[in-house]
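Worksheet: one structure, shown below.
Note that the structure is predicted; figures quoted are calculated from it, not measured.
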Amino acid sequence: MNGLDPTNVLLVSTILQQLAAEGKAIMVSSHILYNLEEISQQILFLKDGVMFEYNDPKKTLMEKYQEIYAKGKSIGH
C-alpha cells in the first residue's frame with residue numbers, strides 16, 4: 001500500500017478484510033513485506049517461475065524472503 005496516506009491505508013485494509021470475509025481471493029503484489037503480513041492470509045513468493053509459500057511461524061517474513069532471494073548473496077552488497 002505504498003503511496004497511500006494513513007487514512008486510505010486503513011480504508012483499503014478494511015475493504016480487503018471485508019472481501020476476504022466474503023470468501024473472495026485477492027492477489028496483491030508488493031515489495032513492502034510488513035504490509036503483506038498485516039493484510040494477508042496466505043503469502044507466496046515467486047522466483048524464476050517457481051512459487052514458494054510462506055507458512056512457517058518460526059520464521060519472519062523477511063527471513064523467508066532472504067532464504068529464497070538472498071541465498072548465497074550478501075544483502076546490501
On a heavy-atom basis, the closest approach of Q42 and E53 is NE2-OE2, 3.2 Å
Would F45 end up clustered with V50 when hydrophobic side chains under 4.5 Å apart are linked, directly or stepwise? yes
Answer yes or no: is there a donor N or O on one side and an acceptor on the other, between the side chain of N8 and the main chain of L11, under 3.5 Å? no
Strictly distance-based, threshold 3.5 Å: is any side-chain N or O of Y54 a donor or acceptor partner for the main-chain N or O of K59? yes
Value rounded to 0.5 Å, distance of CD in E63 from CG in D56: 9.0 Å
Are there more than 12 heavy atoms of other residues, nucleotides or ligands under 6.0 Å from atom CD of Q41? no
In this structure, OG1 of T60 is separated from CG of L33 (nearest 0.5 Å) by 9.0 Å
Are L61 and Y69 in one and the same hydrophobic cluster, where Ile, Leu, Val, Met, Phe, Trp and Tyr link if side-chain heavy atoms are under 4.5 Å apart? yes
For residues 13-26, which side-chain N or O atoms pair as donor and acceptor with protein atoms under 3.5 Å away, sequence neighbours left out?
residue : atom : partner : partner atom : Å
S13     : OG   : V9      : O            : 2.9
T14     : OG1  : L10     : O            : 2.8
E22     : OE1  : K24     : NZ           : 3.4

What heavy-atom pair brings M51 and L44 nearest, and what distance separates the two atoms? SD-CD1, 3.7 Å
